[in-house]
Amino acid sequence: MGFYTNALKFLPVVIKSKDDILEIVAERKNYLLFDRMVAFHVQHKIYVPISAAEFYSGLEQRFPERDGMYFFARSGCGI
């Protein structure tokens with residue numbers, strides 16, 4: 001669970017456009033979070049411990065999803 005928490009902790013919760021419209025924070029999408037996890041393991045020359053399916057399942061079990069993005073329950077995403 002440490003990777004999920006650390007990855008989400010440093011990402012912005014929302015981004016507003018110039019027109020005050022909320023935009024998707026792409027880095028909160030499941031496939032980009034998985035990509036970040038794989039990159040971390042490759043950079044540190046360690047075995048990637050889980051498959052994409054297992055990673056996505058873990059995200060869904062641990063964090064609320066909204067508009068394809070994942071958040072901490074307390075991050076104010078309106079869930």
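Residue indices begin at 1 and follow the sequence shown. Computed from heavy atoms alone, side chains included, the values below leave out hydrogens, waters and symmetry copies.
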Test side chain to side chain contact (heavy atoms under 4.5 Å, CB included), reference Tyr70, set Lys29, Glu65, Arg62, output is Glu65
Would you give the length of the straight line joining atom NE2 of His41 to atom CD1 of Ile50, rounded to the nearest 0.5 angstrom? 8.0 Å
With rounding to the nearest 0.5 Å, note down the distance linking CG in Asp35 to CD in Glu27. 11.0 Å
[X] vs [Y] side-chain heavy atoms within contact, under 4.5 Å:
| X | Y | answer |
| --- | --- | --- |
| Leu59 | Phe34 | no |
| Phe40 | Ile46 | yes |
| Glu54 | Pro49 | no |

Where is the tightest heavy-atom contact between Phe71 and Phe63, given as atom of each residue plus distance? O-CB, 3.3 Å
